[in-house]
Amino acid sequence: MQSNPMVPAWAKALMGLVAGGVALGIAQLAAAFAGPKSSPVVAVGDVAIDLTPAPLKEFAIRTFGENDKTVLIAGVLIVVLGGVAPLIGTLAARRLGYGFAGLAVFGAIGLAAVLTRPDAGVLDALPTLVGAAAGAWTLGRLVRRAAGEPVTPPPPPPAESARAAESAGAAESAGAAESAGAAESAGAAESAGAAGAAESAGAAGVSGDGGGEGRDGAERPAVMLAGADLWSFDRRRLLTGATGGAVVAIGSAVLGQTLGGQRAVDAERVKVALPKPATSAKPIPAAADLHIRGLSPFITRNRDFYRVDTALVVPQVDPRSWKLRIHGMVDRPVELTYQELLGMPLTEADVTLTCVSNEVGGEYIGNARWLGVRMPEVLRRAGLQSGADMLLSTSADGFTCGTPVDVVMDGRDALFAIAMNGEALPVAHGFPVRQVVPGLYGYVSATKWVVDIKVTRFDRDEAYWTPRGWSAKGPIKTQSRIDVPKSGDSLKAGRTTIAGVAWAQHTGVDAVEVRVDRGQWRQARLAEVPGPDTWRQWSIDWDATAGEHTIQVRATDAAGRTQTEQEASPAPDGATGWHTITVKVS
Ligand SMILES: Nc1nc2c(c(=O)[nH]1)N[C@H]1C(S)=C(S)[C@@H](COP(=O)(O)O)O[C@H]1N2
Ligand SMILES: [Mo]
């Protein structure tokens, strides 16, 4: 394809910009799969660092601090998208092949950067190649779109044919040559409009019934009549195409960044070698699990563990850059790295986590073996000042949580946890570090992806859920749940087992009672527990008789307090009432 004199300069730049954006976006997406080293943008940035003289490097680090890499990547993007890409668009408008050649050079530079990185593999070339191909395809499409649909004028009516032929001829000679140069500058914008109009009016003008325009060769840009391949500029089609390209470019870049971040964090997570605990958990008694079909197992597997958080996308926190900052009402602010945390004495503890939103009988509860550093151990490094009664913790994604200082410091296993059931915390459960505090609902204690602790006061600070209608403090309420049978089940008459779990974290469950059809309460058998911080399984036999029956459960904690019958919804501080189910027996 030859130079199209009708395409204005801004449109050429736009075509290049969008094609370049698609190339980089698709390359970034491909790099999410091929590995971070294979991103041409990152590789070019790394090469730039290598080529930067030391004083300039130091200046950049001093000026931009931790953001120096981001600034560098932004620099690469600005040079490529602001300088190189528009140039490629201009070349492509002159002749598509030139544009492709420009893209090839631009791709080759990226490729060279990627492949000269230490321990680069052949596979690392793929994102650059795929990106360049996507960019080339986009460029071709946009150039074609900018030129409009190929317009072939239908044969003019006989009376007009002479004149049409004449002006067509004229256009070919004088017009095309002349405007090839002129259109580029001033004429471009103007004829862009004219071309668009002529185009959208169809070939009407050319076919003869379009009024003066078609008939008077002198009044319309001669290039419009240059034969079968009419030069034109279709602004609308270019802009819709460019918009589509921009969406692809941004979408693939964002997706690539997200997936790439996920893969990087996953890779770091599997590399974590968990140190041995200095204080092991009490062994779980064999009789902690009654092994009844349908009854929640004593330990909830990670993949079955409920998940509650405000995060739309799970925060990806790299342990290599993770820090916990402790400040506020402290003697000396402290910053802790992940390695430093792993180097402190670790405590292992079985703790049942519960969500305040859990309805009576609900599923937002799970029991796991956690490994972490006791929070007081860390807080003592900072030195809590008297008068402080709240730890306002913040997660990497900005969620905040207010935990009473006295609860954390009273000797219970309040942890900065790094592991859950023998593996590094799953990312969705707070990797690399989360809080776990026995006895408090999650919203006031269990900050996942925790990065910051402000030691403060409840009368000075408010956590995320407090202004949203939940109470500032949230001790877990004693509760019990029937797991088997399920409400609505149909059973055979005869002896059957009713079983479930009960919890009163950090106090412990002392009794569970069950009644059928509001009759006498009967004591359930209790499974053993390693301590007061976990839920407790229970079961009871029942001679089921034909008919419909209501089954209810209630627990009594180790302080002798029996669960209230009073029904309350979860807000503002936890649901109450007796879990009640109905079954059909035949
Ligand atoms: N960063 C962060 N941590 C959070 C939350 C949150 O929204 N964001 N929700 C809390 C709530 S309400 C609960 S019940 C627990 C749930 O932890 P899980 O998802 O590991 O079960 O996490 C707590 N920690
Ligand atoms: Mo929660």
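Note: hydrogens, waters and symmetry copies are ignored here, and every other heavy atom, side chains too, is used. Just so you know, ligand 1 is whichever comes first in the structure, and atom 1 is the first atom listed for that ligand.
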Task: Check: Thr507 and Pro532 side chains under 4.5 Å, non-hydrogen atoms - done: no

TODO: Examine ligand 1 and decide if any of its atoms is less than 4.0 Å from a heavy atom belonging to Arg434.
DONE: yes

Task: For atom 6 (C) of ligand 1, the protein heavy atom that lies nearest, with its residue and separation - done: Asp309 CB, 3.4 Å

Open item on the list: Residue-level breakdown please: for Trp449 versus ligand 1, do any non-hydrogen atoms fall below 4.0 Å on the side chain, on the backbone, on both, or on neither?
Closed with: side chain

Task: Shortest protein heavy-atom distance from atom 10 (C) of ligand 1, along with the residue and atom involved - done: Gly442 O, 3.8 Å

Open item on the list: Between Ser296 and Arg481, is there a side-chain donor-acceptor contact under 3.5 Å, judged purely by atom types and distance?
Closed with: yes

Task: Pair Thr352-Asn367, side-chain donor/acceptor within less than 3.5 Å - done: yes

Open item on the list: Can you confirm, on distance only, whether ligand 1 has an N/O atom lying under 3.5 Å from any N/O atom belonging to Thr354?
Closed with: no

TODO: Could you tell me whether some N/O pair between Val308 and ligand 1 is separated by less than 3.5 angstrom?
DONE: yes

TODO: For atom 24 (N) of ligand 1, find the nearest protein heavy atom and state the residue, atom name and distance (0.1 Å precision).
DONE: Ala446 O, 3.0 Å

Task: Heavy-atom neighbours of Lys486 NZ exceed 12 at 6.0 Å - done: yes

Open item on the list: Distance under 4.0 Å to a non-hydrogen atom of Cys355: what atoms of ligand 1 satisfy this?
Closed with: 14 (S)

TODO: Would you mind telling me if ligand 1 is within reach of the side chain of Phe305, the backbone, both or neither, using heavy atoms under 4.0 Å?
DONE: side chain

Open item on the list: I'd like to know if Arg301 pairs up with Asp304 as an ion pair, taking the criterion as any Lys NZ or Arg NE/NH1/NH2 lying under 4.0 Å from an Asp or Glu carboxylate oxygen.
Closed with: yes

Open item on the list: Return the CH2 to CD1 distance between Trp535 and Ile365, rounded to the nearest 0.5 Å.
Closed with: 5.5 Å

Open item on the list: Looking only at protein heavy atoms, which one is nearest to atom 19 (O) of ligand 1, and what is the separation?
Closed with: Lys448 NZ, 2.5 Å

Open item on the list: Suppose we measure from atom 21 (O) of ligand 1 to each protein heavy atom; which comes out shortest, and what is that distance?
Closed with: Tyr306 O, 2.7 Å

Task: Val451, Val314, Thr310: member with heavy atom nearest to atom 7 (O) of ligand 1 - done: Thr310

Open item on the list: Please check if the number of heavy atoms outside Tyr364 that lie under 6.0 Å from its OH is greater than 12.
Closed with: no

Open item on the list: Give the atom numbers and elements of ligand 1 that come within less than 4.0 Å of a heavy atom of Thr447.
Closed with: 3 (N), 24 (N)

Open item on the list: Take a 6.0 Å sphere around CD of Gln523 and say whether it holds more than 12 heavy atoms from other residues, nucleotides or ligands.
Closed with: yes

Task: Contact check: His429 vs ligand 1, nitrogen or oxygen atoms, below 3.5 angstrom - done: yes

Task: Residues Glu363 and Asn358: side-chain donor-acceptor under 3.5 angstrom - done: no

Open item on the list: Check this for me: Arg332, atom CZ, are more than 12 non-hydrogen atoms of other residues, nucleotides or ligands nearer than 6.0 Å?
Closed with: yes

- [ ] Check whether any N or O atom of Arg307, backbone or side chain, sits under 3.5 Å from an N or O atom of ligand 1, and answer yes or no.
- [x] no

Open item on the list: For a quick check under 3.5 Å, do Gln505 and Thr354 share a side-chain donor-acceptor pair by atom type?
Closed with: yes

Task: Close N or O approach (Leu353, ligand 1; < 3.5 Å) - done: no

Task: Residues Thr556 and Gln563: side-chain donor-acceptor under 3.5 angstrom - done: no

- [ ] Considering the heavy atoms of Tyr443, write down every atom of ligand 1 situated less than 4.0 Å from one of them.
- [x] 11 (C), 12 (S)

TODO: Please identify which atoms of ligand 1 are closer than 4.0 Å to at least one heavy atom of Ser395.
DONE: 1 (N)

Open item on the list: For Phe399, which part has a heavy atom under 4.0 Å from ligand 1: side chain, backbone, both, or neither?
Closed with: side chain

